[in-house]
Structures are given as structure tokens and as C-alpha cells.
Visitor: 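One structure is given below, represented as C-alpha cells, and several questions about it will come after.
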Amino acid sequence: MLKESYQLLINGQHCDSNTGETFVTYNPATGEPLAKIASASKEDVDRAVAAARAALETGKWSRYPASRRGQILNRIAQIMRERFDKLVELEVLNSGKALSAAKGQVMQAIEDFEFYAGATTTLSGETIPVPNGFFNYTLREPVGVCAQIIPWNYPMMMAAWKIAPALAAGCTVVLKPASLTPITALVLGDICLEAGVPEGVVNVITGSGATIGSYLAQHPGVDKVAFTGETTTGKDIMRRASETLKRVTLELGGKSPNIVFDDADLDAAVDGSLFGIFYNTGQSCEARSRLFVHERIYSQFVERFVEKAKKLRVGDPFDPNTHVGAVISAKQEEVIDGYVKLGLQEGATLLYGGKRPEGEAFSKGHWYMPTILADVTNDMRVAQEEIFGPVVVIIKFSDEKDVIRQANDTIYGLAAAIWTKDFAKAHRVAAAVKAGIVMLNSPFSAFPGLPFGGYKQSGYGRELALETLNLYTETKSVLSYIGEKPLNPFGV
Ligand code: NAD
Ligand code: MN
């Protein structure tokens, strides 16, 4: 299924960039080149936006009965199910993530299409009571042409989170995947076509974020930008989109707290905290990267946590026993190592990791060991800045109010995990943390149907849920006068 080269998908046609330019995408686990990818120019972006605009204006997608749109979304999911192993393979090759993680994410992408397939038929307006002689109804119309820009950490899942609700709402799409991981998004574009999404409704363009991503974010032909990525990129996108007041939704970075109280089930808390940070090689927006541990169980917890971290198998992403796969790029490996060194300078103690794993298996590609920094305080840069790698910082706490204060003392507000057997405390803390997603004694944060998104500088808007459809529609209020006598409000 891996091709030597991939083209742009514009108006249902595969094409090279009009400049003929390409770039190479790599396998992060080996550093070897995987495929040549078309590098879109601004003219290609113009063409893709024009195709999406034309497809929108003809209404060839939005005017399908909702149930038919739902059927086609289900068909996309069905094709993905049939090609599950191939899609997982492509995802692992291009991202270096562990097979087990890729499987879960491709499955979630499928379930996301299935969720929105059902949701299409729930879209409807209201009839709102108005004064005598008047009649009102509301319509939910597609917001229009959507530019969707996604990151490299969950390539297939992010593409699904973007495309599925947009299609459910009747919108048309220009999707731009990250240059590090473009393959599965391009394949998904083809699957949409094959499933019966009309030409021009889903366009996929690949190329530099700084050039064509930013151009897309300010393109006058785009009505809405849905972006997932770094907070700094999100701010740039918002500025650009403001020129024509586009609708903007942003899913950005995080530095999520993971709070272990002294009455927690210790085994569950250790295992869940381990998964919370080292899943996906720590390259998750919702990574629970600040681990707050109550002083009464601190030494016991930390000892077990380190012991279990040592059991995590780092290595060949295709080995089904691997827990922690490769790091996405040499640059990211450098960033991670830089943060670990910074943490040590700031006074942290290294309990495990702190380097590339050793041995022949790691002579190529990009790697970093699961890394645990203790004796950290919440004001250190390693506790405040998103590292986006397998690095957790441990902070000791003694008091509920104080840990809530520290948990909220961050520019981010994406997720928070709480470990306790005291349900009143669990709900009290859940209410007090400023985060869009709260996990109580749960290692998992997202299922299709549950709103996913952040407070503060983690972004705004929620994905993955029914309410997401509000962000892909405009509400039109239609007011009519139905009285018998004509109205003459000026009385002239
Ligand atoms: P990034 O911001 O570097 O890039 C994301 C996308 O934006 C890429 O497609 C890139 O090409 C493009 N881009 C880059 N500069 C641009 C610009 N000026 N204008 C328009 N587009 C531009 O993010 P990344 O490094 O790919 O991903 C990691 C980040 O994503 C982390 O901060 C992580 O927390 C975040 N993330 C958030 C969520 C969430 O749901 N909140 C989910 C996954 C990842
Ligand atoms: Mn980046």
C-alpha cells in the first residue's frame, strides 16, 4: 500500500504541485526515506479552495439527504475497517509510534466516522415561539469551506476528527496534514472519494506549514479554520484568520496535571500515570506530564512508578510488545534532551532515562528513553512548558487546595487526571481544575461523542462530540409575518 510518491488531491483528481516541487517523508524509527510527497504551492492552495468553494456552492454534498451523508460516512468507516491492517502499517511507518498505539488510534478514527454518520440526522433547526402574527424557524447551514490543519502526533485520528464532523454538517474541506506525517491523510482523502463523497468536497494538500498553512489560514475563500497543533502556531492562525473574521477552532498544547491523592488505589494510579505520560512516546497533547503526588505516599508511589517505567519496552514500533516507539524527528529528540538538561540545571533529580536508549537497535532513527524527573517545583520551566516527549516531572504536594492551585497555575488547560477513592473529593477537584477533559481514576481521555478541547491557551471549541457540529454550522433565524392585516410600522 505504500507508494513511492504521493500527489495532491484536488477536486477529486490526483495531481503534482504546479511547480513540480516535492519533499521527502521519513520513517522516524529508521531515519530512512519513505516516499516523495507533492509540495503544494500557493496556486495549488487557490485551486483546492476554489474546488471546495465550487463543491459547496453547487450544494452537491450539503443537499444530499442527511441519511445519505450518514451512509457515506459509514462507508468510509467500512473501507477503513477492511483496510485496517494496512492503515495501521502506514501509520506506524510514517510516525514511528508503537503498533498498539497506532491500532487504537486508527480504530478511533473509524469510530469517529461512525459516530458522525449517526449524528448527521440529528442536525435540525428549531421553531421558537414569537409574538402573535409572527412565525419563526431556524436553519442549521454548513459553515462553508473549512481549512483543516493538523499535527504529526496522531496523523490519522486528527484527520478523522476534522473531516468527519465537517462532512456530517455538509461542509467542504481543504485538509493540510503535517509534513512529517502526510501519508495516512492522503490515503484517507482517497477513501472518502471511493466511499462516494463527491469530487471537490474533500481536498488534501501537502506542503510547508509556514508557507501554505499560513496562506490557507488567511485565504479569503475559506470560511472556517480548524487547527490542531502548537499554541504559538494557533495564535498565528488566529491573527491571520481575523483579517476576514473566519470562524476558528483551535486544539492546542497542554501541560496536564495528574494528581495522585494519598487514598488512591496505588496500583491503578501507578499504571494509569505511566500510561498517561508514556503513551504515544509522550507525544500527546493530553499527556499528563505534571505528576503531583501526595507526600504521605510519595516515596512508595515514586518507587513503584520508576520500577514499572523500567519495564516499558522501547524499540521496534512493529513489535506488538513494544510500549514506547520512536520520537518523530531528530529536532524533537534534541528539544526533549534540551528540556531534560534544563530540568537538571533547574534542580530536578533524574530518576530514570534522560538519554537515548543504548544498543544496536537504536543506531538509526530518533529515540528517547522514558524519563522521570523528581524534586520539581511547579514554577520550573520543565513544569510550565510543553516538552512533547516521554518526560514526566514529579511534584510533591500536601494539601488539596494547594494542589488545585498548582494544577491551575499554567497557561494551559487541556486535561487533568485525579486518582482517589474518595468520590466527593474526586468531584470537588474535578470541578475546581480548569481543564476541558477530566479523568477520574481513568487512564483514558477520549471516546467519540465526548467533547474534547481545552480551557485557556489550550484552545477553544470542542471536537469529537455532537456540539462540534455547532462549530461547523451557522444558525439562520427566519422570521415571517403571517398576520392577516399588512403591517405599517412607521404608520405613514
Ligand atoms: P505545529 O503547530 O508545529 O504544526 C501543526 C500544523 O500546522 C502542521 O500541519 C504544520 O505544517 C502547520 N503549520 C505550521 N506553521 C503554520 C502556520 N504559521 N500557519 C498555518 N499552519 C502552520 O504542531 P505539531 O508540532 O505538528 O504538533 C504538536 C503540537 O500539537 C503540540 O503542541 C500538541 O500539544 C498539539 N496537539 C494538540 C491536540 C489537541 O487536541 N489539543 C492534539 C494533538 C496535538
Ligand atoms: Mn511543531
Side-chain angles (χ1 to χ4, degrees), residues 23 25 28 37 39-40 42 45 94-95 97 105 108 112 147-162 174-182 184-186 204-219 222 225-243 246 248-256 279-289 327-329 331-332 334-336 385-389 410-415 435-437 445-446 450-465 468:
F23 62 94
T25 191
I37 311 288
S39 183
K42 290 184 177 171
V45 176
N94 204 184
S95 70
K97 66 178 71 219
Q105 290 161 26
Q108 216 228 61
D112 200 33
Q148 305 187 313
I149 304 175
I150 56 172
W152 48 260
N153 65 324
Y154 298 136
M156 172 123 257
M157 206 169 77
M158 289 297 114
W161 282 28
K162 292 284 181 281
V174 179
L175 177 77
K176 195 207 88 64
S179 300
L180 290 166
T181 56
T184 45
L186 287 160
V204 185
I205 54 167
T206 40
S208 147
T211 325
I212 63 155
S214 57
Y215 184 63
L216 193 56
Q218 67 191 42
H219 201 291
V222 167
V225 188
F227 171 76
T228 299
E230 293 173 26
T231 292
T232 48
T233 317
K235 290 178 185 177
D236 183 50
I237 284 179
M238 211 167 152
R239 271 191 293 271
R240 291 173 189 276
S242 71
E243 281 300 314
K246 298 183 200 323
V248 178
T249 49
L250 303 169
E251 298 282 3
L252 309 175
K255 193 76 185 179
S256 298
Y279 171 70
N280 214 46
T281 321
Q283 303 169 129
S284 315
C285 50
E286 79 293 356
R288 276 72 83 197
S289 48
V327 166
I328 193 70
S329 64
K331 186 177 146 228
Q332 194 63 20
E334 243 173 69
V335 168
I336 296 167
E385 295 173 24
E386 186 181 49
I387 298 174
F388 224 60
T410 162
I411 61 165
Y412 296 113
L414 191 58
I437 305 132
S445 62
L450 308 185
F452 192 98
Y455 281 41
K456 300 195 272 183
Q457 293 190 37
S458 289
Y460 60 76
R462 295 292 181 270
E463 294 193 301
L464 206 60
T468 309

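Bear in mind that the values here come from a model prediction, so they are computed numbers and not experimental data. Remember, it's 1-based here, ligands and their atoms both numbered in the order they're listed. Below, each value reflects all heavy atoms present in this structure, side chains not excepted, and no hydrogens, waters or symmetry copies.
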Visitor: Using a cut-off of 2.8 Å, find all protein N, O or S atoms closer to the Mn ion (ligand 2) than that distance.
Guide: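 Per the 2.8 Å query on the Mn ion (ligand 2), atoms found are E230 OE2.
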
Visitor: So which heavy atom on K456 is nearest to which on I411, and how close?
Guide: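 For K456 versus I411, the nearest heavy atoms are CB-O, 3.3 Å.
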
Visitor: Which of the atoms in ligand 1, numbered in the order shown and given with their element, are less than 4.0 Å from a heavy-atom of G213?
Guide: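 In order of numbering, the contacting atoms are 19 (N), 20 (C), 21 (N).
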
Visitor: Consider ligand 1: state whether an atom of it lies below 4.0 angstrom from any non-hydrogen atom of P177.
Guide: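 A heavy atom of P177 does come that close to ligand 1.
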
Visitor: Please evaluate residues N94 and T25 with respect to the criterion side chain to side chain donor-acceptor pair (under 3.5 Å), reporting the C-alpha separation (whole Å), side-chain torsions for both, the decisive distance (0.1 Å), and the verdict.
Guide: CA-CA 7 Å; N94 204 184; T25 191; 3.0 Å; yes

Visitor: When you measure from atom 25 (O) of ligand 1 to every protein heavy atom, which one gives the shortest distance, and what is it?
Guide: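 Among all protein heavy atoms, the one nearest atom 25 (O) of ligand 1 is W152 NE1, 2.9 Å.
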
Visitor: Which of the atoms in ligand 1, numbered in the order shown and given with their element, are less than 4.0 Å from a heavy-atom of G253?
Guide: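 It comes down to these atoms of ligand 1: 32 (O), 34 (O).
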
Visitor: Over all heavy atoms of both residues, which pair between T468 and L464 is shortest? Give the atoms and the distance, please.
Guide: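 Shortest heavy-atom separation between T468 and L464 comes out as OG1-N, 3.3 Å.
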
Visitor: Nearest 0.5 Å, what's the CG-CD1 distance between L186 and I37?
Guide: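 L186 atom CG to I37 atom CD1 measures 6.0 Å (nearest 0.5 Å).
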
Visitor: Assess the side chains of Y154 and S284: does a donor N or O sit below 3.5 Å from an acceptor N or O?
Guide: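 Looking only at side-chain atoms, S284 and Y154 do form a donor-acceptor pair, the distance falling under 3.5 Å.
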
Visitor: Based purely on interatomic distance, does E386 place a nitrogen or oxygen under 3.5 Å from a nitrogen or oxygen of ligand 1?
Guide: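 Yes, there is a polar N/O contact under 3.5 Å.
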
Visitor: Sequence neighbours excluded, which residues qualify as ring pair (Phe, Tyr, Trp, His ring centres under 6.0 Å) partners of Y279?
Guide: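 Result, ring pair (Phe, Tyr, Trp, His ring centres under 6.0 Å) vs Y279: F275.
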
Visitor: Scan side-chain atoms only and decide if Q105 and K97 contain a donor-acceptor pair under the 3.5 Å cut-off.
Guide: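 Looking only at side-chain atoms, K97 and Q105 do form a donor-acceptor pair, the distance falling under 3.5 Å.
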
Visitor: Counting non-hydrogen protein atoms only, what is the nearest one to atom 41 (N) of ligand 1? Give residue, atom name and distance.
Guide: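 For this ligand atom, the closest protein heavy atom is L252 O, 2.8 Å.
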
Visitor: Write out the residue and atom name of the closest protein heavy atom to atom 13 (N) of ligand 1, then the distance separating them to 0.1 Å.
Guide: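 Checked against all protein heavy atoms, atom 13 (N) of ligand 1 sits closest to G209 CA, 3.4 Å.
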
Visitor: Does K42 make a cation-pi contact with Y215, if we ask for NZ or CZ under 6.0 Å from the ring centre and within 45° of the axis?
Guide: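 Pair K42/Y215 counts as cation-pi.
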
Visitor: Grab the two heavy atoms, one from C285 and one from F388, that are nearest each other, plus how far apart they are.
Guide: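 That closest heavy-atom pairing would be N-CE1, 3.6 Å.
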
Visitor: Can you tell me which residue and heavy atom of the protein come closest to atom 33 (C) of ligand 1, and the distance to 0.1 Å?
Guide: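 Here the nearest protein heavy atom works out to F388 CE1, 3.1 Å.
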
Visitor: Would a distance-only check, ignoring hydrogens and angles, find a side-chain to backbone donor-acceptor pair under 3.5 Å from S179 to G207?
Guide: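 Checked: pair present.
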
Visitor: Counting only heavy atoms, which portion of C285 has something under 4.0 Å from ligand 1: side chain, backbone, both, or neither?
Guide: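 The part of C285 near ligand 1 is both the backbone and the side chain.
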
Visitor: Can you sort out which atoms of ligand 1 are near F452, meaning under 4.0 Å from one of its heavy atoms?
Guide: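 Atoms satisfying the 4.0 Å criterion: 40 (O).
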
Visitor: In the protein, which heavy atom is nearest to atom 6 (C) of ligand 1, and how far is it?
Guide: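 Of the protein heavy atoms, I150 O, 3.4 Å lies nearest.
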
Visitor: For A415, which residues count as a side chain to side chain contact (heavy atoms under 4.5 Å, CB included) partner, sequence neighbours excluded?
Guide: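 Listed in chain order: S256, E286, I437, M439.
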
Visitor: Could you walk me through whether S208 and F23 satisfy the side chain to side chain contact (heavy atoms under 4.5 Å, CB included) test, starting with their C-alpha distance in whole Å, then the side-chain angles of each, then the deciding distance to 0.1 Å, before giving a yes or no?
Guide: CA-CA 9 Å; S208 147; F23 62 94; over 6 Å; no

Visitor: Which bit of T232 is near ligand 1, meaning a heavy atom under 4.0 Å away: side chain, backbone, both or neither?
Guide: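 It is neither part, as no heavy atom is under 4.0 Å.
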
Visitor: Can you pull out the closest protein heavy atom to atom 18 (N) of ligand 1? Residue, atom name and distance to 0.1 Å, please.
Guide: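 Closest protein heavy atom to atom 18 (N) of ligand 1: D236 OD2, 2.9 Å.
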
Visitor: Below 4.0 Å, non-hydrogen atoms only: which portion of I149 touches ligand 1? Side chain, backbone, both or neither.
Guide: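 Looking at I149 and ligand 1, just side chain atoms fall under 4.0 Å.
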
Visitor: For ligand 1, which atoms, with element, lie under 4.0 Å from some heavy atom of T233?
Guide: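 What qualifies from ligand 1 is 1 (P), 2 (O), 13 (N), 14 (C), 15 (N), 16 (C), 17 (C), 22 (C).
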
Visitor: Show me which atoms of ligand 1 lie under 4.0 Å from any heavy atom of T228.
Guide: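 In order of numbering, the contacting atoms are 5 (C), 36 (N), 37 (C), 38 (C), 39 (C), 42 (C), 43 (C), 44 (C).
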
Visitor: Distance alone, cut at 3.5 Å: any donor-acceptor contact between the side chains of K246 and Q218?
Guide: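 Judged by distance alone, the side chains do not pair up.
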
Visitor: Taking salt bridge (charged side-chain N to carboxylate O under 4.0 Å, His left out) as the test, write out the residues that go with K162, two or more places apart.
Guide: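 By the salt bridge (charged side-chain N to carboxylate O under 4.0 Å, His left out) rule, K162 matches E463.
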
Visitor: Testing the 3.5 Å rule here: is there a donor-acceptor pair between the side chains of Q108 and W161?
Guide: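 Per modelled atom types, Q108 and W161 side chains form a pair under 3.5 Å.
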
Visitor: For atom 1 (P) of ligand 1, which candidate among M158, Q148, E230 provides the closest heavy atom?
Guide: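 The residue whose heavy atom sits nearest atom 1 (P) of ligand 1 is E230.
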
Visitor: Please classify the R240 to ligand 1 contact at 4.0 Å (heavy-atom distances, strictly less than): side chain, backbone, both or neither.
Guide: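 Answer for R240: neither.
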
Visitor: Less than 3.5 Å between some nitrogen or oxygen of K176 and one of ligand 1, yes or no?
Guide: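 Yes, since at least one N or O of K176 sits under 3.5 Å from an N or O of ligand 1.
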
Visitor: Locate the shortest heavy-atom distance separating S458 from Y412; write the atom from each residue and the value.
Guide: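 In terms of heavy atoms, the two residues are closest at OG-CB, 3.5 Å.
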
Visitor: Under 4.0 Å from any heavy atom of N153, which atoms of ligand 1 are there?
Guide: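 So the atoms of ligand 1 that pass are 43 (C), 44 (C).
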
Visitor: Would you name the heavy atoms of I205 and A40 that are closest together and state the gap between them?
Guide: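 Closest pair (atom of I205, atom of A40, distance): CB-CB, 4.3 Å.
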
Visitor: Any idea which of G229, P151, A217 brings a heavy atom closest to atom 35 (C) of ligand 1?
Guide: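 It is G229 that holds the nearest heavy atom.
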
Visitor: What part of I237, side chain, backbone, both or neither, has a heavy atom within less than 4.0 angstrom of ligand 1?
Guide: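 Only the side chain of I237 comes within reach of ligand 1.
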
